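Letters A, B, ... are given to chains in the order of the sequence lines, protein chains preceding strands, and every chain is numbered from 1. A quick note: this is a predicted structure, and the numbers were derived from the prediction, not measured.
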Number of protein chains: 2
Amino acid sequence: MSDVAKAAGVSAMTVSNVLNGHPHVSEETRRRVTEAVERLGYRMNVAARNLRSGTTGVIGLAIPDIDQPYYGRLASLVIAEAARRGYRVAVEQTGASREGEAQAVANSRLRTYDGLIIATVELGDEDAAAVFAGFPVVALGERISEASVDHVGMANFEGTRDATLHLVERGCRRIAAIGGRIEGETGAATLRTAGYLAALDEAGLPRDDALLVPCPFNLAGGVAAVRQLAADGVPFDGLMCLTDSMALGALRGLADLGRSAPGDALVTGFDDVPQAAYAVPSLTTVAPGHAEMVTTALELLTERMAGRRAEDEARNVTGPHRLIIRESTGG
Amino acid sequence: MSDVAKAAGVSAMTVSNVLNGHPHVSEETRRRVTEAVERLGYRMNVAARNLRSGTTGVIGLAIPDIDQPYYGRLASLVIAEAARRGYRVAVEQTGASREGEAQAVANSRLRTYDGLIIATVELGDEDAAAVFAGFPVVALGERISEASVDHVGMANFEGTRDATLHLVERGCRRIAAIGGRIEGETGAATLRTAGYLAALDEAGLPRDDALLVPCPFNLAGGVAAVRQLAADGVPFDGLMCLTDSMALGALRGLADLGRSAPGDALVTGFDDVPQAAYAVPSLTTVAPGHAEMVTTALELLTERMAGRRAEDEARNVTGPHRLIIRESTGG
DNA sequence: TTGTATGCGTTATCAC
DNA sequence: GTGATAACGCATACAA
């Protein structure tokens, strides 16, 4: 920087002012400095600026695994929206483990990031308060209702309720909840299961715990769940899957049994991943407003980073949702 | 840090030495310092360390769009492998545009990153030399054969050749190349098309340019390509798709015509994305050795970052590949 | 409008 | 084996 200053016949400070677009710089000086910067190919040293300013211009994004359509979509939106606001995004994969999530938060606290967006799966209320205190964090999508953490959630309960009622309307009487789980910490899994149960209740259908099939939240899980239903001889005419990945797996599982949707059973998913519209059959699913959620999350995070909101003034926003009806439930 | 030094009754320098695991520190001192660090909850300031060392511990990863299964998979592997080596990864989305890719490189040069892995789509040889000079960069997967840039590619030509020959063996005589393109700059598209043409030649099948169907490299592209073949009345009994996404789209496109694989036409893809194994029908595809490619790429990049290789000594590695035969070509 | 002095937190160097 | 000093490159505060 001092080289540039010399070349332009000014002080380093003036160069800094020009580069940061400060107002009180004469047009002539600005021009000379800019020219010198160009000529010398000068680039500002970001590390020094970070040290001095205490910021990094980087937002951390902690997600279980970016190699899952749902998180890939989320990451894509976060990166784009952050770029629009002048931030870059570092992605941390937590592997959906408590340690991984804690590690991601720890990294943030090293002041490597100015803020953190975390898609929590395992980290619960008890951890939250201790771990998040005093750092700009927004939880996205899943667990954590801790009052001290900003949270952008989705309509887990309402979504599966809508999906289940839709299946009932289409004539299903024995609807399995693929991935369904009642016990365990409150989170996407239990909330979505609750929505399913509420819908059954509303529709006057009996609850049968044999139709609750817990399984991993991925393609293989969906396949395994359907296989297990068949192996256990549990009859079903609808599959309300807790995620699209599981639903796509379930379609595959049906095929393995020589059955298919919507002929032998109706199938719904949750997330509206890109593949859902292109599967054979295309997948009826609950579409959460991903874009809105991400926009809101970054809104909240930048507010926090700017210190524009008090520490204990946490907000809890729920995104919009809507049911998209496709071939897997008869179109 | 000086607080810790005071608490442990030593100098800041000694604290630094302990934290960095330097050898010449007495056991007793090390213990006292470690204890003080724990007690005060001290975390090192990364920005200061970066300023001093001239590194950031961050690797940039520039890809077209992380919301595509193939790039998601790549990103997942890169992040994991980088973490193993003590680096974090910042993801830049280039939107597969020349400007986006140039921009990503420019960002890296701001010394925000220690090195850059870039999945080039548009940036060609002519840009490469100028833009990459003097910065540790590894190109991954697609274009760029510039001798001055390290490059980890995949067996584009051999892969589609194998896939096409497989289709011929299974009885196909009119094989369409979905996404196929002869003109344009050398890259994955043209190389894969070349492999297809070579296989036809080897098999003694005539080439018919009506069977070359250029289209966007995504799900929608695959659907559109099949629709166009049908609209043009071009008969076909095999679809050699240049990527899995296009193949999954093609399966959907067949369904829209009331046809399906492998009954009405055999279908192959390229990439072996997770969904390929779970589609109905499951997809025969060329599996490039993603993991090996990423490991090699990080190997090359860390070498460059350590300055262990001369500027003009570029390496060009091609990953392994193998054909995975599934239901879409008869199992 | 521009310049000077100072410090951000760490570590390389060299003396002790 | 340990500590004093300086420097990494920039930006805040204030003086000119």
Fill in: Heavy-atom pair with the smallest gap, counting every atom of Pro136(A) and Arg304(A)
CB-CB, 3.8 Å
Discussion item. It should be established whether Thr14(B) places a side-chain nitrogen or oxygen under 4.0 Å from OP1 or OP2 of nucleotide dG3(D).
Written reply: yes
Worksheet item: Does a nitrogen or oxygen in the side chain of Thr29(B) sit under 4.0 Å from OP1 or OP2 of dG1(D)?
Response: no
Practice prompt. Would you mind reading off the distance between His24(A) atom NE2 and dA15(D) atom P, rounded to a whole angstrom?
Written response: 17 Å
Practice prompt. Would you mind building the protein contact string for nucleotides 10-16 of chain C? One character per nucleotide, 5' to 3', B for base within reach (heavy atoms under 4.0 Å), S for sugar-phosphate only, - for untouched.
Written response: BBB----
Worksheet item: Whole Å only: how far is the CG atom of Leu51(A) from the P atom of dA7(D)?
Response: 17 Å
Worksheet item: Asp150(A) versus Val137(A): any side-chain heavy-atom pair under 4.5 Å?
Response: no
Practice prompt. Identify the heavy atoms of Val4(B) and Val33(B) that sit nearest to each other, and give their distance.
Written response: CG1-O, 4.3 Å
Fill in: Pairing of Arg31(B) and Glu35(B) as salt bridge, 4.0 angstrom limit
no
Discussion item. Is there a side-chain contact between Tyr87(A) and Glu81(A) in this structure, where contact means two heavy atoms from C-beta onward sitting under 4.5 Å apart?
Written reply: no
Discussion item. Between Glu299(A) and Arg85(A) (salt bridge meaning N to carboxylate O under 4.0 Å), is one present in this structure?
Written reply: yes
